Protein chains: 2
Amino acid sequence: MPHRLGKPSYCTDHEWMGRSDCTHCAIRGMMLFSQLPPESFDHLLQPIGNEHYPPGSILYREGYAGREVFSIRRGLVKLLSLGVDGSERIVRLLGKGAVVGLELLDQGTAYHHTAVATQDVDLCRIPLATLVDLELHHPELCDRVRQQLQYQVDRADHWIKHLNTGKARVRIAQLLLLLAEIGSDRNGDIELLPRDDMAAVVGVTKETASRIIAEFKRHRLIYKVAANTHRIESQKLQELIARESSVD
Amino acid sequence: MPHRLGKPSYCTDHEWMGRSDCTHCAIRGMMLFSQLPPESFDHLLQPIGNEHYPPGSILYREGYAGREVFSIRRGLVKLLSLGVDGSERIVRLLGKGAVVGLELLDQGTAYHHTAVATQDVDLCRIPLATLVDLELHHPELCDRVRQQLQYQVDRADHWIKHLNTGKARVRIAQLLLLLAEIGSDRNGDIELLPRDDMAAVVGVTKETASRIIAEFKRHRLIYKVAANTHRIESQKLQELIARESSVD
DNA sequence: CGCGCTTTTGATCGTCTTCAACTTAGGTGG
DNA sequence: CCACCTAAGTTGAAGACGATCAAAAGCGCG
């Protein structure tokens, strides 16, 4: 991606896109601050940044005692945890409307995962102090935070139940359905993950993931419609899942 | 897929043990209401029940629009989700200090799991209205709820990373360490789960779980110290995990 | 056009599942 | 107290499935 060229060395790999205008946020309804009146944003001590991250860039690292949470406006972010042997396990995939880094609200904690953009990501960078400050004057924000955490719990449970259970083919099929749910564009098309990411999601090897995706393509359960863009036959995938999970 | 919950031999009977006295709760420090002043409990509209559930009893069922959350004082509770084929997947094991059913705080939702006591369980049954009521006058309770949810997120992530990754022997070893962490008695001993529950935790068949536990017993990584009570060699289990997760 | 990367495919091996038989433990009634 | 009964746990053998190692094919980019 062109962004990496000509950047000052202190800047890692994301691009400042100006200060956020929360009151006119395009997806305001699903964001953290959707219930707040416009004037609440006027006297914030610290600005909310509006940023772009190209694929592969790191939002934050596991164990780092950061001071910011991130609200995803566009794109997909993976949360991963590194094993002792250096292997990575992806524990969540989050898209538009999700907020990551909320574990920092527990005093003295660091980020629990490493967060990486898997696509072009636009997000709001919210200083923890701002969040705490706003919460003080707007108790209803507390509910929004709780809903965000509940969402993450639900996602994690879905992950355990559907992406980490049963045969590999079924898991990959479920992953494709998940991508369609949280990461599809206006045509309903999705951007596939690299095979090793798929593998790190469902807990198989990248070869197995590759074999299954190749097989799906041959059987026309997925097909390419443009560069980096695939259409999936949700109906047929559902059937495959039903067929292969039952005891014949 | 293996069938679970075949016959509803589960009993829903539980025993009322009187109204809770939160101010003198033995494990008050870890409970939901630990920060609240004693007089806050005086004029509650609805009582907080203090109950006992024998092993196998159901706290609540997935999809049921209940009006109560449960705070565990003693014992172990499993949260499980049923597959279309009737097979069950355990997505969490919770012990002393955990609160279950908090998903009801989202308006109009039902329980997301079925909660079953795996041991003798003592818990406080808290009407949702009471929780909401207390929260209104004690904003700090909001933090406690958030911490509870964050705990569940962390548990779920740990589950994905350690109990649903790698070879079966490693997973079972991790499960034993988890039981020791959240469910050990004052001697550090644990109550083993039935083999089919172990299987439903780590995502293998009950036969595989059985083989591995039998092998652990033969190698003296676990041994029985009393009826329903086993001692585990955490050190040796850790070594086994390190040994078997690395690529030789 | 060729270089490095990801993806695909092949062949072999180890692990886990499956189905079945057998053993053990706990509980009930004679 | 023992005989019996049932449910839970253990073990065996066969085969399916995914891991592993290795090599070839495809693709983006300079």
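Owing to the predicted nature of the structure, the values given are computational and were not obtained by experimental measurement. Every chain is numbered from 1 and lettered A, B, ... according to where its sequence line falls, protein lines coming before strand lines.
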Tell me: [atom1] of [X] to [atom2] of [N], nearest whole Å?
{"X": "A:E244", "N": "D:dC17", "atom1": "CD", "atom2": "C1'", "answer": "12 Å"}
{"X": "B:I222", "N": "D:dT10", "atom1": "CD1", "atom2": "C1'", "answer": "14 Å"}
{"X": "A:R195", "N": "C:dT7", "atom1": "CZ", "atom2": "C1'", "answer": "7 Å"}
{"X": "A:L193", "N": "C:dT6", "atom1": "CG", "atom2": "C1'", "answer": "14 Å"}
{"X": "B:K167", "N": "D:dA19", "atom1": "NZ", "atom2": "C1'", "answer": "7 Å"}
{"X": "A:R169", "N": "C:dT17", "atom1": "CZ", "atom2": "P", "answer": "16 Å"}
{"X": "B:I172", "N": "D:dT10", "atom1": "CD1", "atom2": "C1'", "answer": "15 Å"}
{"X": "A:L192", "N": "C:dT6", "atom1": "CG", "atom2": "P", "answer": "16 Å"}

Could you list by number each residue of residues 224-231 of chain B showing a heavy-atom separation from DNA chain D of less than 4.0 Å, or answer none if no residue does? none
Mutual orientation of the aromatic rings belonging to B:Y111 and B:F70 [parallel < 30°, tilted 30-60°, perpendicular > 60°]: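 Plane angle between 30° and 60°, so tilted.
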Among side-chain atoms of B:K78 and B:T118, is any donor-acceptor pair under 3.5 angstrom?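 The criterion, which ignores hydrogens and geometry beyond distance, is not satisfied for B:T118 and B:K78.
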Using a 6.0 Å cut-off, check whether atom CZ of B:R74 has over 12 heavy atoms from anything other than its own residue. yes
[X] side chain to [Y] main-chain N or O, any donor-acceptor pair under 3.5 Å?
{"X": "B:S210", "Y": "B:T208", "answer": "no"}
{"X": "B:E103", "Y": "B:H112", "answer": "yes"}
{"X": "A:E51", "Y": "A:L123", "answer": "no"}

Heavy-atom contacts under 4.0 Å between residues 205-220 of chain A and DNA chain C, which residues?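 A:E207, A:S210, A:R211, A:A214, A:K217, A:R218 - these, ordered by number, are the residues of the stretch whose heavy atoms sit under 4.0 Å from the strand.
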Test side-chain hydrogen bond (donor to acceptor under 3.5 Å, both in side chains) applied to B:Q174 - qualifying residues, sequence neighbours left out: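 With sequence neighbours excluded, B:Q174 shows a side-chain hydrogen bond (donor to acceptor under 3.5 Å, both in side chains) to no residue whatsoever.
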Is the shortest heavy-atom distance from the side chain of A:L237 to the side chain of A:I232 under 4.5 Å?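 Of all side-chain heavy-atom pairs linking A:I232 with A:L237, at least one is under 4.5 Å.
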Candidate list A:N164, A:L163, A:T165, A:V91, test side chain to side chain contact (heavy atoms under 4.5 Å, CB included), partner B:N164, passing option: A:N164
